[in-house]
Colleague: 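Below you will find the structure I want to go over with you.
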Amino acid sequence: MGIALLSAQRSKDPNTQVGACIVGQDNKILSLGYNGMPIGCSDDELPWSNQGEALDTKYLFVCHAELNAILNSGKDLSGAKLYTTLFPCNECAKAIIQSGIKEVVYCSDKYADTESTIASKKMFGMAGVCYRGYDLHGKEITINL
């Protein structure tokens, strides 16, 4: 989880910095990601706002940390574990499932009551992807196995 937290610091998002780290079954790092603009799209030219008209906000442009980690890997992620600082949205959940990742460990579930997170948890349950919270004090909290 420490590596995911460090990766989050690379994000230029002024509101929510998210990091992700994927490890194999041997716990060796396979890939990292953070929320940022796609390669070739300037972080300084696209908006980072979280309010306003759709094209004036980050939401149509930013690539989430989990998706970045999956796309950056270039490896078979079957059976891997993803550490992320924020519970994955429904779009990232689909990519996690499709990539073969079997476990998600997260720090924050601050959007637990949103439709996106509820959909993520439903899909994870159907696809057999287990997820659990992680207390930064080193105590793991089982959420769904």
Side-chain angles (χ1 to χ4, degrees), residues 1-24 27-78 80-127 129-144:
M1 186 59 75
I3 300 297
L5 289 163
L6 284 172
S7 294
Q9 293 178 16
R10 298 201 63 201
S11 173
K12 291 187 178 182
D13 191 322
N15 299 302
T16 306
Q17 294 180 311
V18 181
C21 177
I22 301 173
V23 299
N27 285 321
K28 290 184 181 175
I29 295 172
L30 299 175
S31 188
L32 304 172
Y34 58 91
N35 57 319
M37 299 304 173
I39 293 172
C41 297
S42 174
D43 288 337
D44 298 321
E45 293 178 29
L46 292 174
W48 283 107
S49 177
N50 60 359
Q51 297 178 9
E53 297 295 320
L55 288 172
D56 296 326
T57 69
K58 63 185 176 180
Y59 300 113
L60 295 179
F61 303 103
V62 75
C63 186
H64 289 181
E66 303 90 340
L67 182 59
N68 263 332
I70 290 167
L71 296 173
N72 290 338
S73 74
K75 298 178 176 126
D76 179 11
L77 301 177
S78 299
K81 182 187 307 182
L82 178 123
Y83 289 90
T84 183
T85 59
L86 182 62
F87 197 90
C89 72
N90 63 302
E91 293 299 321
C92 288
K94 291 186 262 186
I96 289 164
I97 292 164
Q98 290 293 93
S99 72
I101 292 171
K102 287 298 178 189
E103 184 174 359
V104 174
V105 182
Y106 62 92
C107 283
S108 172
D109 195 7
K110 73 178 181 178
Y111 300 112
D113 295 331
T114 66
E115 291 177 344
S116 174
T117 300
I118 293 166
S120 295
K121 291 175 180 177
K122 183 174 185 171
M123 288 186 287
F124 284 160
M126 294 173 80
V129 175
C130 64
Y131 54 90
R132 60 188 164 100
Y134 186 84
D135 180 348
L136 291 178
H137 296 74
K139 179 182 175 188
E140 293 180 3
I141 304 166
T142 300
I143 302 297
N144 175 289

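Atoms considered below: every heavy atom in the structure, side chains included; atoms not considered: hydrogens, waters and symmetry mates. All values reported here derive from a predicted model rather than from experimental measurement.
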Colleague: List in chain and number order the residues that pass side-chain hydrogen bond (donor to acceptor under 3.5 Å, both in side chains) with S11, two or more places apart in sequence or in another chain; answer none if no residue qualifies.
Modeller: N35

Colleague: Closest approach of S7 and A20, non-hydrogen atoms and distance?
Modeller: OG-O, 4.2 Å

Colleague: Please identify each residue that fulfils side-chain contact (heavy atoms from CB on, under 4.5 Å) with A95, with sequence neighbours left out.
Modeller: L67, I70

Colleague: Going by side-chain contact (heavy atoms from CB on, under 4.5 Å), name the residues that satisfy it together with D76, two or more places apart in sequence or in a different chain.
Modeller: S78

Colleague: With sequence neighbours left out, what residues match A112 under side-chain contact (heavy atoms from CB on, under 4.5 Å)?
Modeller: D109, K121

Colleague: How would you list, by chain and number, every residue that makes a side-chain hydrogen bond (donor to acceptor under 3.5 Å, both in side chains) with S108, sequence neighbours excluded?
Modeller: none

Colleague: Please give me the minimum heavy-atom distance between P47 and M37, naming the atom from each residue.
Modeller: O-CE, 3.3 Å

Colleague: Which pairs with one or both residues in residues 30-39 pass salt bridge (Lys or Arg N to Asp or Glu O under 4.0 Å), sequence neighbours excluded?
Modeller: none

Colleague: Under the salt bridge (Lys or Arg N to Asp or Glu O under 4.0 Å) test, which residues partner K94, sequence neighbours left out?
Modeller: E91

Colleague: Strictly by side-chain hydrogen bond (donor to acceptor under 3.5 Å, both in side chains), give each pair with a member in residues 37-46 just once, sequence neighbours left out.
Modeller: none

Colleague: By side-chain hydrogen bond (donor to acceptor under 3.5 Å, both in side chains), which residues pair with T16, not counting sequence neighbours?
Modeller: none

Colleague: Under 6.0 Å between ring centres, would you say that holds for Y131 and F87?
Modeller: yes

Colleague: When rounded to the nearest 0.5 angstrom, what distance separates CD1 in I96 from CD1 in I22?
Modeller: 8.0 Å

Colleague: Hey, could you give me the CG/OG distance between L71 and S99, rounded to the nearest 0.5 Å?
Modeller: 9.5 Å

Colleague: Please find the pair of heavy atoms, one from C92 and one from E66, that lie closest to each other, and give the distance.
Modeller: SG-OE1, 3.5 Å

Colleague: Does the side chain of V105 reach to within under 4.5 Å of the side chain of M1, using non-hydrogen atoms?
Modeller: yes

Colleague: Taking all non-hydrogen atoms of both residues, which atom of L86 and which atom of Y106 are closest, and how far apart?
Modeller: C-CB, 4.4 Å

Colleague: Would you give the length of the straight line joining atom SG of C21 to atom CD1 of I3, rounded to the nearest 0.5 angstrom?
Modeller: 6.0 Å

Colleague: Sequence neighbours excluded, which residues qualify as side-chain contact (heavy atoms from CB on, under 4.5 Å) partners of D113?
Modeller: none

Colleague: Could you check whether any side-chain N or O of S116 sits under 3.5 Å from a backbone N or O of C89, counting only pairs where one atom can act as donor and the other as acceptor?
Modeller: no

Colleague: Between K75 and S31, is there a side-chain heavy-atom distance shorter than 4.5 Å?
Modeller: no

Colleague: Verify side-chain contact (heavy atoms from CB on, under 4.5 Å) between W48 and V62, making sure each step is shown before the conclusion.
Modeller: CA-CA 8 Å; W48 283 107; V62 75; 3.9 Å; yes

Colleague: Would a 4.5 Å heavy-atom cut-off, applied to side chains only, mark V23 and Y83 as touching?
Modeller: yes

Colleague: Nearest heavy-atom pair of T85 and C107: which atoms, and what distance?
Modeller: O-CB, 3.5 Å

Colleague: Has I39 got more than 12 heavy atoms of other residues, nucleotides or ligands less than 6.0 Å from its CD1?
Modeller: no

Colleague: Kindly give the heavy-atom pair with the smallest separation between A8 and G19, and that separation in Å.
Modeller: CB-N, 3.3 Å

Colleague: Going by heavy atoms in the side chains, are F61 and C41 under 4.5 Å from each other?
Modeller: no

Colleague: Listing request: all side-chain hydrogen bond (donor to acceptor under 3.5 Å, both in side chains) pairs with a residue in residues 50-61, at least two apart in sequence or in separate chains.
Modeller: D13-K58

Colleague: N27 versus K81: any side-chain heavy-atom pair under 4.5 Å?
Modeller: yes

Colleague: Can you check whether L32 reaches N72 side chain to side chain, under 4.5 Å on heavy atoms?
Modeller: no

